[in-house]
Chemist: 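Would you mind keeping the following structure in view while I ask a few things?
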Number of protein chains: 2
Amino acid sequence: MDPHVLVVADVSCSPENAVEFGQVLHEFAAACRAEPGCLSYEVFRSEEAPERYVSIERYADPAAFAAHRDSEHFRAIGLARLMPLTTSRDVRLYDAPREVPPAAP
Amino acid sequence: MDPHVLVVADVSCSPENAVEFGQVLHEFAAACRAEPGCLSYEVFRSEEAPERYVSIERYADPAAFAAHRDSEHFRAIGLARLMPLTTSRDVRLYDAPREVPPAAP
């Protein structure tokens, strides 16, 4: 399996901002996917709490994640437009993934 | 930060089964949350591909994850009801999380 750094960003906004927040988050995700070291950046939404989004982000290595945080779009979209709408934020970084084979039925 | 094992289960079904699949997945998630070693089990849905779900699961340690895979509901719901509807599956296990502090604006 390709070594990578996983970032799980669990973020919420106020319910009335959920649609706008989602649109800006998808705009941000598209900009991140264009980063050289970003392997994937995908946005998912909670069905129980529609104002809650989880981004599952994969970077080639820690340096690629650092470059992500230094990028212009991190500043112009992530910090300047998403953060002000964010009511809660839990971002965790994991590395050394191991694939889990399907269990025998 | 509490040490834990993270499992990211990225699963898809055929579009026509998406609603049923989601219902069974939420039923499975509720059963998993009742496991002693399960810290959290949350289901999110892709907005671009509504037949795609991601479960973000946290277990106290590898033994708790093994107990999850040996559980009755893993067999009766996971294997017997979800797997037959599953068209693609990518399940990865991560450990040693590090919290990512907010970047300075």
Side-chain angles (χ1 to χ4, degrees), chain A residues 1-2 4-11 18-19 22-23 25-26 29-30 40 42-50 52-58 62 65-66 68-71 74-76 78-84 86 89-105, chain B residues 1-2 4-11 18-19 22-23 25-26 29-30 40 42-50 52-58 62 65-66 68-71 74-76 78-84 86 89-105:
Chain A
M1 170 180 291
D2 55 329
H4 61 267
V5 167
L6 173 81
V7 174
V8 177
D10 186 341
V11 292
V19 173
Q23 289 164 345
L25 187 50
H26 282 288
S40 65
E42 297 171 295
V43 175
F44 297 86
R45 191 173 185 183
S46 169
E47 293 194 293
E48 287 92 358
R52 184 174 171 207
Y53 291 86
V54 158
S55 297
I56 296 185
E57 315 165 30
R58 290 190 171 97
F65 179 56
H68 162 72
R69 303 241 314 171
D70 290 339
S71 66
F74 187 86
R75 196 199 57 70
L79 296 181
R81 294 170 57 201
L82 279 176
M83 204 66 97
T86 302
R89 174 187 176 285
D90 177 292
V91 180
R92 301 186 189 193
L93 187 145
Y94 300 81
D95 43 29
R98 281 171 276 143
E99 203 149 335
V100 177
Chain B
M1 169 181 293
D2 53 329
H4 62 266
V5 166
L6 173 81
V7 174
V8 177
D10 185 341
V11 292
V19 172
Q23 289 162 347
L25 188 50
H26 282 289
S40 64
E42 296 171 296
V43 175
F44 297 85
R45 191 172 185 183
S46 168
E47 294 194 293
E48 287 93 356
R52 185 173 172 208
Y53 292 86
V54 157
S55 296
I56 297 184
E57 315 166 29
R58 291 189 172 99
F65 177 57
H68 161 72
R69 304 250 301 178
D70 290 339
S71 66
F74 187 86
R75 195 199 58 70
L79 296 180
R81 294 170 56 200
L82 279 176
M83 205 63 97
T86 302
R89 174 188 176 284
D90 178 293
V91 180
R92 302 187 189 191
L93 186 145
Y94 300 82
D95 42 28
R98 281 170 278 144
E99 205 151 333
V100 178

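Chain identifiers are assigned alphabetically (A, B, ...) following the order of the sequence lines, protein sequences preceding nucleic acid strands; residue numbering begins at 1 within each chain. Given the structure is predicted, the values throughout are model-derived calculations rather than measurements.
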Chemist: How far apart are the closest heavy atoms of B:E48 and A:V43, and which atoms are they?
Modeler: OE1-O, 4.1 Å
Chemist: So, using ring-ring contact (aromatic ring centres under 6.0 Å, His included) as the criterion, who are the partners of A:F44 when residues are at least two apart?
Modeler: none
Chemist: To the nearest 0.5 Å, what is the distance between CZ (B:R92) and NE2 (A:H4)?
Modeler: 5.0 Å
Chemist: Does the side chain of A:I56 come within less than 4.5 Å of B:V54's, by heavy atoms?
Modeler: yes
Chemist: Using heavy-atom distances under 4.5 Å, tell me whether A:V7 contacts chain B through its side chain, its backbone, both, or neither.
Modeler: neither
Chemist: B:R52: which residues meet the salt bridge (charged side-chain N to carboxylate O under 4.0 Å, His left out) condition with it, sequence neighbours left out?
Modeler: A:E42, B:D10
